[in-house]
Amino acid sequence: MHDRPSARAVPGMILLITALALPACAPEDQASPGLDAAEGVAGAEGTYAIVDVGVIPVDREGVLEGHTVLIQDGRIVEVAPADEVDVPAETRTIPGEGRFLIPGLAEMHGHVSPDPATPREEMEDVLFLFLANGITTVRGMLGAPHQLELRDALQRGEVLGPHFIVGAPSLNGNTAPTPEDAERLVREHAEAGYDLLKIHPGLERHVWDHMTEIAGEVGITYAGHVPADVGIRHALETGISTVDHLDGYLEGTRADGLSADATPLERFQATDEAKVDELAELTRETGTWLVPTMYLWENFFNPVEVDSVLALPEMQYAPREMREGWANQNENRWRNQWEQYPDLDWDATGAAHAEARVEILRALHEAGAGVLLGTDAPQMFNVPGFAMHREIPIMERAGMSRHEILESGSLNVARYADEDLGLPGDFGAIVPGHRADLVLLGGNPLEDLAHLEQVEGVMVGGTWISGEEIRERLEQMAGRFAN
Ligand SMILES: [Zn+2]
C-alpha cells in the first residue's frame with residue numbers, strides 16, 4: 001500500500017485521497033504486506049509468543065479470545081487461536097491468560113525538549129513515561145535538530161522509547177513574517193528531514209498561502225494551530241493535515257452579531273449549531289485530522305485548585321522543576337485573566353468553555369471527521385503518558401466509543417502516517433506484517449478504558465519491557481523526583 005503516489009506531494013490530492021480513505025479500511029488491507037516481504041525491525045531480534053491472550057486487533061471490533069500472537073524480529077507474523085499456533089523452539093513466551101493485548105498507542109501532540117542542552121537522561125525519562133503507559137508512537141510538536149538524531153537512534157533501537165515523528169521548529173508570525181521567510185523555512189525544514197511543519201499563531205494569510213504552495217511543492221505537510229488571520233475554513237480548505245487543540249473551531253462557529261467587548265463567558269455561550277455542523281462536514285470532506293487535547297484546554301479556562309492537581313498520583317513522575325513550572329504558568333495565566341475580567345464568574349466560564357468544546361468534538365466525530373489521540377504532554381499538568389488517562393474520559397463525554405478511542409491512538413495514527421506524512425503505515429492493528437508495537441493489559445479496555453492503566457508489559461518495535469521492569473523504573477523515578 002506504500003507504492004501509491006504520495007498524498008502529500010500534491011495538495012489537491014490530499015483532500016481527495018484522505019476523504020476517500022476515511023471509511024474503515026478492510027482488515028485485508030491492513031494485513032496485505034506479505035510475510036516474506038516484511039523485513040525485520042531495526043534493532044529487534046528474536047521470537048516472542050504472547051500466548052492465550054484476548055487480542056483486540058482494532059482493525060475490527062471486539063476481542064479475539066484465547067489467541068496467540070507470534071512476533072519475529074520486531075514484526076507480528078501470526079495471530080491465531082492458541083491451539084493452532086506452532087510456537088518455535090527458542091521462543092520467549094509471555095503468558096496472556098486473563099489479559100488483553102492492544103496495539104501500541106500514540107501521543108499525537110507531544111513534546112520532547114527542543115533544548116539541546118537538556119540532559120539526555122531527562123529526555124529518556126520522558127520517553128520512558130510514554131512507554132510505561134503503552135504509548136509507542138509520539139509526534140513531537142516543536143522540533144529541533146537534536147530531535148532528528150534522537151528519532152534515528154530510536155528507530156535503530158539504540159535508545160529505548162517510542163517511535164518518534166518529528167515536527168519542525170515553529171512557523172509563526174515571528175519566524176515567518178513574510179512569504180519569503182516562510183518559503184526559506186519550509187525548504188530548510190524539509191531538507192533537514194523533519195516529518196512535518198509545525199504551525200503556531202501569527203502567520204498572515206498571504207504568508208500562509210505561499211507556505212502551503214511551497215510545502216506542496218517540496219512534499220511536506222503542515223499541522224498544529226490555525227492562525228487567526230487564516231481562519232479555520234481556509235486552513236481546512238488549503239490542506240492543513242491536523243488541527244490541534246480544536247484551534248479555530250470556537251471562533252469559526254461563533255454566532256454572528258456578538259459585540260466586540262463580549263466576555264469570555266458570553267463568547268463560549270454563543271456557539272451557532274448550524275455553523276458547527278457546516279464546519280464538521282467541511283472537516284470530514286477535507287479529510288483533516290483532529291488532535292483535540294481536551295484536558296489541557298479545560299485546565300486553561302477552569303479555575304484549577306493547583307494543590308489538588310499537583311497531588312494527583314501521576315505527579316510523582318514529574319520532576320519538581322516541571323511541577324513548579326506548571327504551577328507558575330497556571331498562576332500567570334490566571335493573574336492575566338482575572339485582571340482583564342475581574343467580575344466574571346470563572347466557574348461558569350470554565351464550564352461553558354468545556355461544554356462548547358465537547359459539543360464541537362461531538363459534532364465533528366458524528367460527521368465522520370477523524371480523531372487522533374493527543375494531550376500536549378508535558379504541557380501544563382500533563383504528565384507524559386499518564387495525561388492520556390485524563391484525556392480519554394473527555395473523549396467519551398463527546399460520544400466516542402471505546403473502540404473508536406482505541407482507533408484514535410492506533411489505526412488512525414497509521415493512516416495519518418501513511419496518507420499525510422508519507423511514512424510507513426504498517427502499525428496500529430494486531431495483524432501479521434505489522435510492526436510489533438503492543439500493550440499487554442490486565443483488563444479489557446473495551447469494557448472500561450480505565451483498564452488502559454493496568455499495563456502488564458509493552459513491546460515497542462519488537463523490544464519487550466515487562467510490567468515488572470516498568471513498575472521498577474517508575475518507582476525509581478518517583479524516588480528521584482520526590483524532593
Ligand atoms: Zn504543544
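Quick caveat, the model's predicted, so the values are computed rather than measured. Order of appearance sets the numbers: ligands from 1, and atoms from 1 within every ligand. For this chain, numbers begin at 1 and follow the sequence in order. Values reported hereafter were calculated over all heavy atoms of this structure, with side chains retained and with hydrogens, waters and symmetry mates removed.
- Atom CG in D376 sits 13.0 Å away from atom OH in Y295 (nearest 0.5 Å).
- The cationic group of R473 lies under 6.0 Å from the six-membered ring centre of F128 and within 45° of the ring axis, placing it in a cation-pi geometry.
- Between the OD1 atom of D376 and the NE2 atom of H109, the angle centred on the Zn ion (ligand 1) amounts to 100° when rounded to 10°.
- Note on D244: not counted as a metal contact of the Zn ion (ligand 1), no N/O/S atom lying under 2.8 Å.
- Aromatic pair H434/F427: ring centres not closer than 6.0 Å.
- Checking H111 against the Zn ion (ligand 1), an N/O/S atom falls under the 2.8 Å cut-off.
- A ring-centre distance under 6.0 Å is found for Y222 and W208.
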